[in-house]
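Reading through the structure tokens given below for one structure.
Throughout, a chain's letter reflects where its sequence line sits, starting with A, and its residues are numbered from 1. Note that the structure is predicted; figures quoted are calculated from it, not measured.
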There are 2 protein chains.
Amino acid sequence: MTTLTPAALSGLTRCLHCGVRADSVCGVLSNEELASLAAIAEVQSVPRGQAFIEEQSPASAFFNISGGTAKLTRTLPDGRQQITGFVRSGDFLGLAATESFAFGAEAIEPLGICRFPRRRLEALLSRMPHLEHRLLQVACRDLARAQSAMLLLGRKTATERVASFLRDWAADHRPGVEIALPMTRGEIADYLGLTIETVSRILSRLRREGVIDTRGNHTLIVRQARSLAMLAGDEEDDALVCSHRQAASR
Amino acid sequence: MTTLTPAALSGLTRCLHCGVRADSVCGVLSNEELASLAAIAEVQSVPRGQAFIEEQSPASAFFNISGGTAKLTRTLPDGRQQITGFVRSGDFLGLAATESFAFGAEAIEPLGICRFPRRRLEALLSRMPHLEHRLLQVACRDLARAQSAMLLLGRKTATERVASFLRDWAADHRPGVEIALPMTRGEIADYLGLTIETVSRILSRLRREGVIDTRGNHTLIVRQARSLAMLAGDEEDDALVCSHRQAASR
DNA sequence: CGTAGAGTTGAGGGCGGTCAAGTCGTGTGG
DNA sequence: CCACACGACTTGACCGCCCTCAACTCTACG
């Protein structure tokens, strides 16, 4: 039986109920189920720069992010690194961590996390089909995103990659507002399969062309959302799209 | 009530019970559950080259492969294509196909598939937690694979990509045996984020160096599995690994 | 045997990586 | 409060890996 301090319990409920992001684990659990989860959960704080999942050790737990931002990484033995995703408040992670495929996770902002020991949560899942169903949805969404990332990494140019990243990160923000960009240029590069220099050059060019603006190194302002979307390469010009649809319907 | 011909029912059971691959949907269903699945399943044959999931239409069904090989694709409007994976007998697919993220699937060998209408299967899932649990495992495995692919596409050199692909495709085959390679050079290129010419050049070089051999364009023989694994870049030389471990433990 | 598509090989070019120098911004100690 | 230092970022020059273009060969199939 695990005892939870009031603060930790509050963190846990926030963690499980955070409804900020539409895809979080929320609104699907009964009070009884919540209590079962609370019994195995452990609330932690992670300072910036600290890894909370190590590459070498097989992940022994699932995590839910209650605040801050973290990066998920895959690393080659010679040090080359690929960031497979950024996770924020409300995100659930650990599903992809099996014995055979190690991956790491590190805070890029001070992080609040909720830790669920793997075996205990898996045991609970068999009694909570709602939660398992939710996790399947989460995994499917992550899978779809990973496939988009594969398209980006395999077939997009450097400019398209940076534009795609900025567009996605700025999604559900209105044009003109300041958007926090907690990661470094190096982390953006590791996410997009580029180098720091290339990312920096392209950001400078987009700034020069008036598509985006920046306040310091960690604040982004989108000036021309439409241009950004065009540069991302996922959609063609409307005229072209129309002609394509006509061609397809023939 | 759907009526199944004896041939179709035989295809379905083969489809659901195929135990060839350890990760297939098998051995977790009662006879009653099997009957429920059979009631909504539809067995189809797909000739080589034909798409059975179209990019444009949101996927309205799940599929289980009962024989042959297919490719899963993501395509940019200008025609650039990324193959996100190859699927074979026993594989389940459709999980990543949501309304917002279209992807396509096409047979590269004559294909036997088992089609499950999405809504009907989803309705069944709520009554069959075993199956939902199995699908979660499938999704997690796919997710881990997708992350490995991101590392490959983002950070590996052309030679490392080709070597990784050959090593993975030849996995669980003994060295020296002939391995079917049903996809074209162009499909390998689209999977690895390279061009046909680069793939061809690297295969020629590996052949010249005695690492692999080929019989025609669609048969592979691995001559030096260890060399192939080294070239893939995922593991270092043993000596180096040892020195690294010493450095890490300090 | 002939044709069409797939694959191979070579020559040259460009995009993004590498190397290097300089600038900015933030925190720290005098 | 300012001088300093360190790290993150920017910018430029150059280079190399892989792409592009092109010609040729091989394979499969009628």
Side-chain angles (χ1 to χ4, degrees), chain A residues 47-49 71 76 78-82 108-109 152-166 180-209 212-220 231 233, chain B residues 47-49 71 76 78-83 106 108-110 152-166 178 180-209 212-220 231 233:
Chain A
R48 166 171 178 101
K71 61 179 174 184
L76 288 171
D78 63 6
R80 281 174 288 174
Q81 186 171 85
Q82 176 66 37
I108 64 176
E109 277 183 322
L152 179 143
L153 292 168
R155 288 301 179 214
K156 285 189 179 180
T157 66
T159 303
E160 287 170 336
R161 295 184 202 196
V162 173
S164 297
F165 168 72
L166 295 176
L181 212 62
M183 66 287 291
T184 66
R185 299 289 184 270
E187 284 161 342
I188 296 175
D190 280 343
Y191 180 59
L192 299 177
L194 300 170
T195 59
I196 296 182
E197 294 92 330
T198 301
V199 170
S200 179
R201 262 185 267 269
I202 290 171
L203 287 176
S204 296
R205 204 181 71 232
L206 292 178
R207 205 182 304 123
R208 211 159 44 233
E209 292 169 350
I212 62 168
D213 211 341
T214 53
R215 298 265 178 278
N217 287 329
H218 296 289
T219 305
L220 167 73
L231 287 170
Chain B
R48 167 172 177 99
K71 61 179 174 184
L76 289 171
D78 63 6
R80 281 174 288 174
Q81 186 171 85
Q82 177 67 36
I83 293 179
E106 184 182 322
I108 64 177
E109 277 183 321
L152 178 143
L153 292 168
R155 288 299 178 216
K156 285 188 179 179
T157 66
T159 303
E160 287 169 337
R161 295 184 203 196
V162 174
S164 297
F165 168 72
L166 294 176
E178 296 192 347
L181 212 61
M183 65 289 290
T184 66
R185 300 290 183 270
E187 285 162 341
I188 296 176
D190 280 344
Y191 180 59
L192 299 177
L194 300 170
T195 60
I196 295 182
E197 295 91 330
T198 300
V199 170
S200 179
R201 262 184 267 269
I202 291 171
L203 288 176
S204 296
R205 189 160 49 82
L206 292 178
R207 206 182 303 124
R208 212 161 40 236
E209 291 168 351
I212 61 168
D213 210 340
T214 52
R215 298 265 179 279
N217 288 328
H218 296 289
T219 305
L220 166 74
L231 287 170

Report the C-alpha distance between B/Arg205 and B/Thr159 in whole Å, list the side-chain angles of each, state the deciding distance to 0.1 Å, and finish with yes or no for side-chain contact (heavy atoms from CB on, under 4.5 Å). CA-CA 10 Å; B/Arg205 189 160 49 82; B/Thr159 303; 2.7 Å; yes

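Within the 4.0 angstrom heavy-atom criterion, only backbone atoms of the sugar-phosphate kind lie near B/Arg207; the bases stay farther away. Counting any heavy atom pair closer than 4.0 Å across all strands shown, B/Arg161 reaches no nucleic acid atom. Nucleic acid contact class of B/Leu203 (heavy atoms, under 4.0 Å, all strands): none.
Atom CZ of B/Arg48 is separated from atom P of D/dA28 by 12 Å (rounded to the nearest Å). Here the P atom of nucleotide C/dC15 and the CZ atom of A/Arg155 are 17 Å apart, to the nearest Å. As a whole-Å value, the separation of A/Asp190 CG from C/dG17 P is 11 Å. The CG atom of A/Leu192 sits 16 Å away from the C1' atom of C/dC15 (whole-angstrom rounding). One can place CZ of A/Arg185 at 18 Å from P of D/dG7, the figure rounded to the nearest angstrom. The CZ-P distance, from A/Arg215 to C/dG25, rounds to 12 Å in whole Å. D/dT20 atom C1' lies 12 Å from atom CD1 of B/Ile196, rounded to whole Å. Across the protein-nucleic acid pair, A/Leu181 atom CG and D/dA8 atom P stand 16 Å apart, rounded to whole Å.
Taking 4.5 Å as the limit, every side-chain heavy atom of A/Glu160 sits out of range of all side-chain heavy atoms of A/Leu231. Taking the side chain as every heavy atom from C-beta outward, A/Asp190 and A/Gln82 never approach each other to under 4.5 Å.
A donor-acceptor contact under 3.5 Å is formed by the side chain of A/Glu197 with the base of C/dC19. A donor-acceptor contact under 3.5 Å links the side chain of A/Arg201 to the base of C/dT18.
Between A/Thr198 and the phosphate of C/dG17, there is a side-chain N or O to OP1/OP2 separation shorter than 4.0 Å. For C/dT9, one of the phosphate oxygens OP1 or OP2 lies less than 4.0 angstrom from a side-chain nitrogen or oxygen of B/Ser204.
Both A/Gly216 and A/Thr195 lie near DNA chain C, and the one whose nearest nucleotide falls closer to the 5' end is A/Thr195. Closest-nucleotide positions on DNA chain D for B/Asn217 and A/Arg208 were compared, and the one nearer the 5' end corresponds to A/Arg208.
Under the 3.5 Å distance criterion, the side-chain polar atoms of B/Arg161 are matched with a main-chain donor or acceptor of B/Leu192. B/Arg155 places no side-chain N or O within donor-acceptor distance of the main-chain N or O of A/Arg80, the cut-off being under 3.5 Å.
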